[in-house]
Amino acid sequence: MSQAKPQLNERQLNVFERMTREGAKGYVGGISARKYQKIAHTSKATATRDLAEMVACGVLVRHGEGSGVRYEIA
């Protein structure tokens, strides 16, 4: 029995589409939770949760620790 991967919500899709449009040059070093907040117009908690879900889905890869955490397209 296989487990279905969670679907991306509208905020996550919007941010992911923007990241793919702007490419690596637009997000040198990846995107932070703070940048996600600004793009998606959401709280820090929601940004962190959304990014964690995107990592779990295999859409993004997490790099770093603490305030230096960045996310890049997988």
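The first residue of the sequence shown is numbered 1, and numbering continues consecutively from there.
- Sorted by first then second residue, the salt bridge (charged side-chain N to carboxylate O under 4.0 Å, His left out) pairs that include residues 8-19, not counting sequence neighbours, are R11-D50, R18-E22.
- Here the straight-line distance linking atom CZ of R34 with atom CD1 of I39 works out to 13.0 Å at 0.5 Å rounding.
- In this structure the side chain of F16 reaches within 4.5 angstrom of the side chain of M54, judged on heavy atoms.
- Note that CG of L51 is 9.5 Å distant from CD of Q37, once rounded to the nearest 0.5 Å.
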Would you be so kind as to tabulate the donor-acceptor pairs closer than 3.5 Å made by side chains of residues 55-69, with sequence neighbours excluded?
residue	atom	partner	partner atom	Å
H63	NE2	E72	OE1	3.3

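- Put simply, CZ on R49 and OG1 on T42 are 7.5 Å apart, with the number rounded to the nearest 0.5 Å.
- In this structure, K38 NZ and S32 OG are separated by 8.0 Å, a value rounded to the nearest 0.5 Å.
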Inset, instruction - Walk me through it: do Y36 and M19 pass the test side chain to side chain contact (heavy atoms under 4.5 Å, CB included)? - result: CA-CA 10 Å; Y36 187 98; M19 289 177 75; over 6 Å; no

